[in-house]
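Structure first, then comments.
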Amino acid sequence: MFRQASRLLGRSIKMDRAMSTEVAAAASVDSSFVESWKKAIPNMDPPKTPSSFMKPRPPTPSTIPSKLTVNFVLPYASQLSTKEVDMVIIPATTGQMGVLPGHVPTIAELKPGILTVHEGNDVTKYFLSSGFAFVHSNSVADIIAVEAVPIDHIDSSLVQKGLAEFNQKLSSATTDLEKAEAQIGVDVHSALNFALTG
């Protein structure tokens with residue numbers, strides 16, 4: 001089985017070299033690994049490396065596009081699909097992050113807050129509960145949220161009521177689970193309140 005894997009690795013390395021310079025670089029790393037492995041353990045075929053399982057990345061454009069392509073999805077719906085916009089501002093756990101065309105590839109965890117989509121003079125705002133954003137080198141941003149709602153659909157009186165209820169639950173919580181659940185409620189309602197008033 002190991003010998004068959006080794007032969008396949010050798011074939012995939014040859015194919016990879018022919019495909020592109022980026023893949024060729026990965027293949028040469030694989031070749032170095034295989035050679036080192038054979039010197040250290042000559043009686044056992046080397047395992048496959050991660051690059052032998054990966055497809056080449058899409059090419060990075062030679063010029064920066066004028067628009068950012070955004071895909072914004074929830075578990076039950078797609079809010080934006082291949083929408084070309086000027087900029088998005090996402091609520092990352094490390095702070096607000098503005099994404100323009102040509103942004104450096106990034107993976108960001110999202111926190112409760114506002115996603116702002118800028119398209120010319122139009123600005124659309126969504127409140128996100130949590131999720132992840134993936135910014136790719138080809139000026140595509142994939143935003144995946146657990147829950148989201150347009151900011152103008154939120155009732156500020158219900159937010160105030162919920163914040164008061166969760167603050168009360170937090171002060172009266174006796175177990176770690178009750179405290180954690182109440183703290184999550186306070187954090188989300190505080191972010192909602194800030195989104196509406198700030």
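Values below: all heavy atoms of this structure, side chains included; hydrogens, waters and symmetry mates excluded.
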Checklist entry - Phe72 and Ala145: which non-hydrogen atoms are nearest, and at how many Å? => result CE1-CB, 4.0 Å
Just how far is it from atom [atom1] of [X] to atom [atom2] of [Y], taken to the nearest 0.5 Å?
{"X": "Ser129", "Y": "Asp187", "atom1": "OG", "atom2": "CG", "answer": "12.5 Å"}
{"X": "Lys179", "Y": "Leu177", "atom1": "NZ", "atom2": "CG", "answer": "11.5 Å"}
{"X": "Asp155", "Y": "Gln160", "atom1": "CG", "atom2": "CD", "answer": "10.5 Å"}
{"X": "Leu163", "Y": "Leu158", "atom1": "CG", "atom2": "CG", "answer": "12.5 Å"}
{"X": "Leu128", "Y": "Glu147", "atom1": "CG", "atom2": "CD", "answer": "9.5 Å"}
{"X": "Glu109", "Y": "Ile90", "atom1": "CD", "atom2": "CD1", "answer": "11.0 Å"}

So do [Y] and [X] actually touch side chain to side chain, heavy atoms under 4.5 Å?
{"X": "Val135", "Y": "Pro105", "value": "no"}
{"X": "Met87", "Y": "Leu68", "value": "no"}
{"X": "Phe194", "Y": "Val159", "value": "no"}
{"X": "Leu192", "Y": "Ile154", "value": "yes"}
{"X": "Leu80", "Y": "Val73", "value": "no"}

Determine whether a donor-acceptor pair (N or O, by modelled atom type, separation under 3.5 Å) exists between the side chain of [X] and the backbone of [Y].
{"X": "Asn71", "Y": "Ser81", "answer": "no"}
{"X": "His189", "Y": "Gly185", "answer": "yes"}
{"X": "Trp37", "Y": "Met44", "answer": "yes"}
{"X": "Ser130", "Y": "Val146", "answer": "no"}

Starting from [Y], can I reach [X] by hopping between I/L/V/M/F/W/Y residues whose side chains sit under 4.5 Å apart?
{"X": "Ile143", "Y": "Tyr76", "value": "yes"}
{"X": "Ile114", "Y": "Val188", "value": "yes"}
{"X": "Leu115", "Y": "Phe127", "value": "no"}
{"X": "Val140", "Y": "Val88", "value": "no"}

Contacts under 3.5 angstrom, residues 116-126 side chains, donor-acceptor by atom type, not counting sequence neighbours:
| from | atom 1 | to | atom 2 | distance (Å) |
| --- | --- | --- | --- | --- |
| Glu119 | OE1 | Lys83 | NZ | 3.4 |
| Glu119 | OE2 | Lys83 | NZ | 3.4 |

Checklist entry - Run the side-chain contact (heavy atoms from CB on, under 4.5 Å) check on Val186 and Ile184 step by step: do they pass? => result CA-CA 5 Å; Val186 168; Ile184 290 169; over 6 Å; no
Should we count [atom1] of [X] as having more than 12 external heavy atoms under 6.0 Å?
{"X": "Asp176", "atom1": "CG", "answer": "no"}
{"X": "Gln168", "atom1": "CD", "answer": "no"}
{"X": "Lys67", "atom1": "NZ", "answer": "yes"}

Next on the checklist: As a quick check of understanding, evaluate side-chain contact (heavy atoms from CB on, under 4.5 Å) for Ile144 and Phe134, giving each step before the final call.
Outcome noted: CA-CA 8 Å; Ile144 296 94; Phe134 302 88; 3.6 Å; yes
Give the table of side-chain donor-acceptor pairs shorter than 3.5 Å for residues 91-100, with sequence neighbours excluded, one pair per line with atom names and distance.
none

Checklist entry - Does the side chain of Thr174 pick up a donor-acceptor pair with the side chain of Glu178 at under 3.5 Å? => result yes
